[in-house]
Amino acid sequence: MSISAPVFVLALLMTTPALAQSPLPSPPDPPAPVLPDLGPPQTEPDFQDRPADEEVDAVPMPAPPIAEDEINFEADRIDYNNDADIVTASGNVRVARQDAQLSADQVEWDRGAGTVIARGDVMLVNERGDRAYADEMDVTESLRDGVIANLLIVTNSDNRLAAVKGQRSGDIYTLDRAAYTPCRVEDEHGCPKEPTWQIQADRVVLDDARQIVRYENARVKLLGLPLIPLPGLRHSIGEEGGSGLLVPDVGYDRRNGFEYAQPYYWRLARNRDLTVTPYIYSAVLPMLGVNYRALLSQGAYQITGYGTVSAVTPLDDPTTPITEDRLRGYFAASGKFQFDPLWSLSGSLRHVTDRTFLNRYNISHEDRLRSTLNLERIGTRSYLSIAGWAFQSLRPGDSGGQAPIAIPAIDYRLRATDPLLGGQIELQANSLSILRTDGQDTQRAFVGVTWKQSLLTGMGQEVSLTGYARGDVYNSAQNHLSPTVIYRGEEGWQTRGIAALALDVRWPFIGEALGGTQRIVPRVQMVVAPRLANLHVPNEDARAIDLEDSNLFALNRFPGYDRFEDSTRITYGFDYRLDLPNFSIDATVGQSYRIDERETVLPNGTGLSDRLSDIVGRAQVRYKDFIAFTHRFRLDKDNLAVRRNEIEATVGTRRTYAEVGYLRLDRNITAGVEDLRDVEELRLGARVAFARFWSVFGSTNIDLTGQEDDPASTLSGFEPVRHRLGIAYEDDCVELGLTWRRDYQTVGDARRGNSFQLRLVFKNLGL
């Protein structure tokens with residue numbers, strides 16, 4: 001939110017873009033009521049005595065186009081005093097000159113003095129539909145310079161400006177005892193009400209030539225209370241302006257004490273801006289945040305940075321803090337450029353000086369930072385990506401030398417129609433080079449081809465035949481530094497050939513049911529693949545495998561390229577969907593059976609290690625926009641024990657709702673595979689609206705993982721992670737909230753404890 005608001009629409013109402021041939025509008029019916037006297041200087045401008053949504057109806061104007069030096073009148077009566085050279089129009093007066101259009105009960109035009117005085121329900125309209133109401137306007141005959149008493153301006157977006165007096169002299173506008181608000185000044189019944197917030201000032205001076213606005217004794221009045229004084233406020237406006245103070249953030253937490261953040265926004269140009277935010281803390285030294293954004297002809301980018309000086313507590317020994325202060329910070333940059341319809345470049349760069357900085361200063365709670373650069377060409381039938389990746393681990397105990405750097409990662413695909421057998425052919429070429437400062441290095445390249453043909457039988461079966469062939473080349477070094485043996489592969493050069501053939505048959509049955517539509521789709525898939533030397537090559541991208549509904553019918557159920565499921569198998573299941581006017585059910589369930597008896601590389605506990613797989617499924621239920629429920633599961637094939645139980649549910653409306661998230665992975669996984677550890681966690685959240693604009697909200701995260709789930713775990717089985725509770729107010733033009741948060745985990749110098757955050761957002765005001 002910026003204090004640079006459209007409080008100066010007086011300038012807009014008195015400028016002169018061409019509108020000389022526009023039809024002259026009829027006066028509103030009924031006419032705008034008179035703005036009452038605002039009283040002695042101690043009183044404030046009043047927003048509530050003018051029409052809120054009054055429309056100006058346009059009617060044909062039979063007069064010829066208005067010349068630059070002409071003023072056209074239309075009124076019930078027009079009198080002309082030849083001696084004084086004064087034209088007086090009375091009764092439903094309408095005056096037009098160039099872009100300005102004026103209506104009043106009476107208008108007196110002194111041609112000798114070159115002045116126009118309008119009295120009684122005066123309204124001035126510009127070409128954008130902004131309206132100015134006043135008791136009396138005394139302006140020059142150009143309808144530009146002059147004095148306006150008891151001014152109220154209503155823009156076409158319903159923003160309002162009130163002032164006891166407005167005056168323009170050349171390029172200088174002066175508003176005495178002015179107030180601005182974008183808020184509604186009437187309730188739902190049309191009765192006047194106090195605006196939620198407004199900016200008031202004893203005087204507002206706009207220098208139109210220099211595009212600078214100065215305030216005297218400015219203050220923000222919120223919920224009827226003058227809460228935020230802004231003495232000496234000044235800022236720029238216009239296309240090259242827009243700079244100003246933004247709404248501050250106020251909070252408290254146990255780590256940093258009381259916090260006050262005051263952003264300041266600079267609009268450097270129409271396509272560039274800079275926001276600088278000093279963070280002041282009561283318990284530690286200040287921090288400075290900077291954000292720079294730029295929009296160019298071919299793309300956009302932004303750069304963000306934070307910096308401070310403070311002590312760091314090591315993650316591996318939180319009881320021994322480093323008392324010596326040092327420079328700490330975070331840097332992030334991102335952007336995308338579209339060079340032509342085919343070629344684009346996108347990327348992001350993120351780096352932090354230590355593992356606890358982001359958490360300590362509530363910037364982010366991520367445990368890994370990723371930097372990437374990607375050059376892409378997307379054609380009608382082809383795709384090329386040349387990318388690079390780098391990672392920075394923030395997890396306790398992770399070795400920085402094990403973090404991979406992937407450069408380059410190249411992927412090319414080309415689709416074409418098979419001229420011999422029909423169907424579609426996709427050619428793929430892929431290469432990857434992974435380097436580590438203290439770990440295994442791997443290079444990989446392959447070329448593959450996929451052929452797919454689909455047809456529909458006379459009985460309605462959907463039949464798909466897929467063929468896949470690929471040749472791989474690997475080179476790896478320092479394989480012994482990989483901590484997981486099954487991921488290492490053999491050092492040096494290795495080759496591998498892959499082939500697979502899949503037949504997939506679906507048979508949809510669709511019909512009416514319960515007043516809606518029902519769809520039952522049995523499905524059978526057979527995959528034939530020869531045995532592969534999977535363990536001879538490294539595994540970098542196919543580690544976190546788990547049987548789910550999303551990969552049940554996949555040709556390769558490993559998530560990456562370094563492992564391929566070399567089995568001959570049959571997979572079967574069915575999909576079900578019921579659609580009623582306000583209710584729907586969508587479900588799937590299935591299982592697979594491996595025909596061959598050869599040993600598999602799939603670890604125990606993944607649901608795929610035995611010949612008969614576990615049973616997996618998903619169910620989704622929706623009722624209007626009130627209930628959304630999703631359940632994913634995996635059942636042990638031997639005893640139907642629940643190996644995966646995942647629930648996501650939302651009940652309620654946009655303002656009052658409850659959310660539940662639950663995940664339990666009890667896979668009895670092979671020990672020593674860090675990517676497949678079992679967990680159990682619960683997430684709860686809710687918001688309850690009361691009164692009209694008020695609501696309370698809260699959420700909690702609880703780690704339920706214990707030694708029964710993970711023998712290596714030291715948790716009790718009920719460890720709260722974070723609680724949050726707050727109260728909020730939100731109407732058409734303001735958001736106000738107070739949030740309490742408690743963190744239960746200490747990570748280095750990011751200590752457990754309570755935090756409080758005050759949120760204040762002025763809508764419709766600012767950038």
Side-chain angles (χ1 to χ4, degrees), residues 269 271-273 290-305 330-352 364 366 368-394 400 402-417 424-437 439-450 468 470-477 498 537-544 556 558-563:
N271 65 327
R272 295 181 293 116
D273 60 34
V290 178
N291 176 256
Y292 175 81
R293 302 183 300 178
L295 177 64
L296 308 179
S297 59
Q298 293 182 322
Y301 68 94
Q302 68 172 344
I303 301 173
T304 301
Y330 168 64
F331 175 84
S334 62
K336 182 173 183 179
F337 299 89
Q338 191 75 40
F339 303 117
D340 58 37
L342 300 179
W343 288 93
S344 67
L345 177 67
S346 61
S348 65
L349 174 63
R350 307 178 68 192
H351 182 75
V352 67
S364 170
E366 297 171 89
R368 178 181 296 174
L369 299 183
R370 181 180 65 181
S371 299
T372 179
L373 187 67
N374 189 13
L375 177 66
E376 289 182 297
R377 184 189 187 278
I378 303 176
T380 305
R381 290 180 171 268
S382 64
Y383 172 77
L384 172 65
S385 170
I386 304 175
W389 302 80
F391 300 88
Q392 182 182 10
S393 176
L394 308 182
Q402 290 287 336
I405 300 174
I407 182 169
I410 304 175
D411 189 54
Y412 176 75
R413 306 186 189 200
L414 175 65
R415 290 181 179 176
T417 301
Q424 294 289 321
I425 295 178
E426 180 179 297
L427 301 175
Q428 182 181 12
N430 182 283
S431 69
L432 174 67
S433 176
I434 292 181
L435 306 175
R436 295 180 175 88
T437 58
Q440 178 175 333
D441 298 335
T442 302
Q443 292 82 45
R444 177 197 72 201
F446 70 77
V447 176
V449 58
T450 303
Y468 183 71
R470 199 178 89 197
D472 301 344
V473 177
Y474 281 82
N475 181 39
S476 58
I498 298 174
V537 300
N539 181 6
E540 297 283 3
D541 65 1
R543 299 183 175 186
N556 178 30
F558 281 98
Y561 295 112
D562 290 336
R563 292 289 181 266

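We use all heavy atoms of the structure for the numbers below, so side chains are in, but hydrogens, waters and symmetry mates are not.
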Please check if the number of heavy atoms outside Ile407 that lie under 6.0 Å from its CD1 is greater than 12.
no
Okay, side chain of Asn271, backbone of Leu295: is any donor-acceptor separation there less than 3.5 Å?
yes
Give the minimum heavy-atom separation between Arg272 and Ala294, together with the two atoms involved.
CG-CB, 3.9 Å
Under 3.5 Å side-chain donor-acceptor pair for Tyr474 and Asp562
yes
Between CZ on residue Arg293 and OG on residue Ser334, distance to nearest 0.5 Å:
11.0 Å
Do Arg350 and Arg370 have side chains that approach each other closer than 4.5 Å (heavy atoms only, starting at C-beta)?
no
Between Arg563 and Asn556, do the side chains contain an N or O donor and an N or O acceptor separated by less than 3.5 Å?
no
For Gln392, give me all partners under side chain to side chain donor-acceptor pair (under 3.5 Å), at least two apart in sequence or on another chain.
His351
Ignoring hydrogens, what is the shortest heavy-atom contact between Ser364 and Glu366? Give both atom names and the distance.
OG-OE2, 2.8 Å
Using modelled atom types and a 3.5 Å cut-off, is there a donor and acceptor pairing between side-chain atoms of Arg413 and backbone atoms of Gln428?
no
Closest non-hydrogen atom pair, Asn539 against Asp541
OD1-N, 3.6 Å
Under 3.5 Å donor-acceptor, Asn475 side chain and Gln443 backbone:
no
Looking only at non-hydrogen atoms, find the nearest pair between Ser382 and Tyr412 and report the distance.
CB-OH, 4.1 Å
Is any side-chain heavy atom of Leu345 closer than 4.5 Å to one of Leu373?
yes
Would you call Lys336-Glu376 a salt bridge at under 4.0 Å N-O?
no
